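Heads up, the thing below is written out as structure tokens.
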Amino acid sequence: MEEVVCRTEDLQPGEMMESRFGKHEIVVCRASDGHYYAFLNRCIHQGAPLSKGKLCGAPEPTDNLGEYKFERDGDILRCPWHGREFDIRNKGCMLANEKFKIKNFKVMEKNDEVIVYK
Amino acid sequence: MTNPKLHLIDTDIHERVQYSQLLPYLPQPYRRYIEDCSWIQEKHMPFTQPAVAGVDRADAVVPDGRPAGSDLPFMQSQLLDEIGHEFGILTGALDPSPSSMHGWYEMATALASAYNDWQIEHWLEKDERLYGSVHIAAQDPQGAVKEIERVGSHKKMVQILLPIDDKLWGDPYYHPIFEAAEKHDLMIGMHHNEPPVHYGKWPRYFIEWHTLIPVAHMTMVTNMVFNGVFEKFPKLKMMMIEGGFTYVPFLMRKMDQQYRDLRHEVPWIKRMPSDIIRKHICFTTQPLEEMTKKEFLQTFEHMGTDEIVSFSTDYPHWDYDSPYEALPKGLDEGLQRKLFSENARNFYPKLPQLKEEE
Ligand code: FES
């Protein structure tokens, strides 16, 4: 099964939008590298709509107390409710605990279209 | 619209006022200080960053840009209709929080009245599911009692709101407030404002402060119980809002043990503190820690009851709990009914009781 979920020009790097894939509500994100990623639009914690959150960066883990190195701007999807951070370029893994991840879908680009497929 | 399965009575919903909306309800000269001098209440919290939209759910900002919680129709569609609330208890945004003001008690008292009038007109009388909290300026107990006399008998006012902040309300100085509450079948709702839980100061990080908010709640429960408020006002009950409940087993045990040793200092206390808590205090669930069903049930076992905990969403704040997602899966229906509605219904005497056929 494959489905066009948006056009490539619909999103600039660092932007996201809601779409559908079959019966699933999904969020399509365009990362800082220009690539597209798609996830179920539902946070694994309490089900918030992720598309209402923020595609932003995150302070990198550091050994130095008090140091904020804000990196990966546009690659981290933060939930609109409790703010958990998910790395869209790493299968949607949660930064605080990589064992957990939001559900991701396979994505390809073809002729100006973003396609999600199974 | 009510979800018949849930019958949810949500014990913590924050409606938000904008200062300009209070102007029609404020007499001069107070109105002038807001209009001409841009008066706003002093706030201390050095953090605005907890979540992606500050302290609110990012999706709860009103579509036209007004702050989360400030628009009834939007709250209806996003919360009350969506979830299927039976009732919701409004607890204010604590801005303004008249009882937290450090000076100018006259302004605080005037603000409390204006807030109550605004709340009644724009929320309580506009949606039958919503019930309200009487705002007072408790640092002036006589003024507070006057305000309770003025609006406390409104049929949709179910409690008096006191902030957990830097004053300990169990002090006999404030007892006239509890006397007036009891007279009007109003309970006490205690919700933290900006409690200084770090030795009177702020810690470096929000995460430290937010982790320890239950400490401020424990301080207040201990204070209210040992200052004899519930011995003196036997009909009075207190809802501890937004501190969670998992600290309660510890506190009950600790207070009981202290009482056995130190009863002589507080001879007006004639019951075990844990019995007083079970009879007079209820705790709202949010913000729930993630627990297994077993851990969750153990907490009730240690409290000796499952009838003093009541579900709350804390809408529209960032740490909102979803009634469908926040509790451990597989709780039996009886317990769910208690948490979602029965316990709150038994707590607030002014909430309508279930009709026979339900
Ligand atoms: S629902 Fe997403 S972090 Fe809680």
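A quick note: this is a predicted structure, and the numbers were derived from the prediction, not measured.
For Ala53(B), no part lies near chain A; criterion is any non-hydrogen pair under 4.5 Å. For Tyr324(B), no part sits under 4.5 Å from any heavy atom of chain A, backbone or side chain. For Cys56(A), no part sits under 4.5 Å from any heavy atom of chain B, backbone or side chain.
Taking the six-membered ring wherever Trp is involved, the centroid distance between the rings of Phe245(B) and Phe300(B) falls below 6.0 Å.
In this model, no donor atom of one side chain and acceptor atom of the other lie less than 3.5 Å apart for Asp319(B) and His317(B).
Using cut-offs of 30° and 60° for the angle between ring planes, the Phe206(B) and Phe47(B) rings count as perpendicular.
Open room surrounds NZ on Lys69(A); 12 or fewer heavy atoms of other groups in view lie less than 6.0 Å from it.
For the set His82(A), His45(A), Lys54(A), the entry with the most heavy-atom pairs within less than 4.5 Å of chain B is His82(A).
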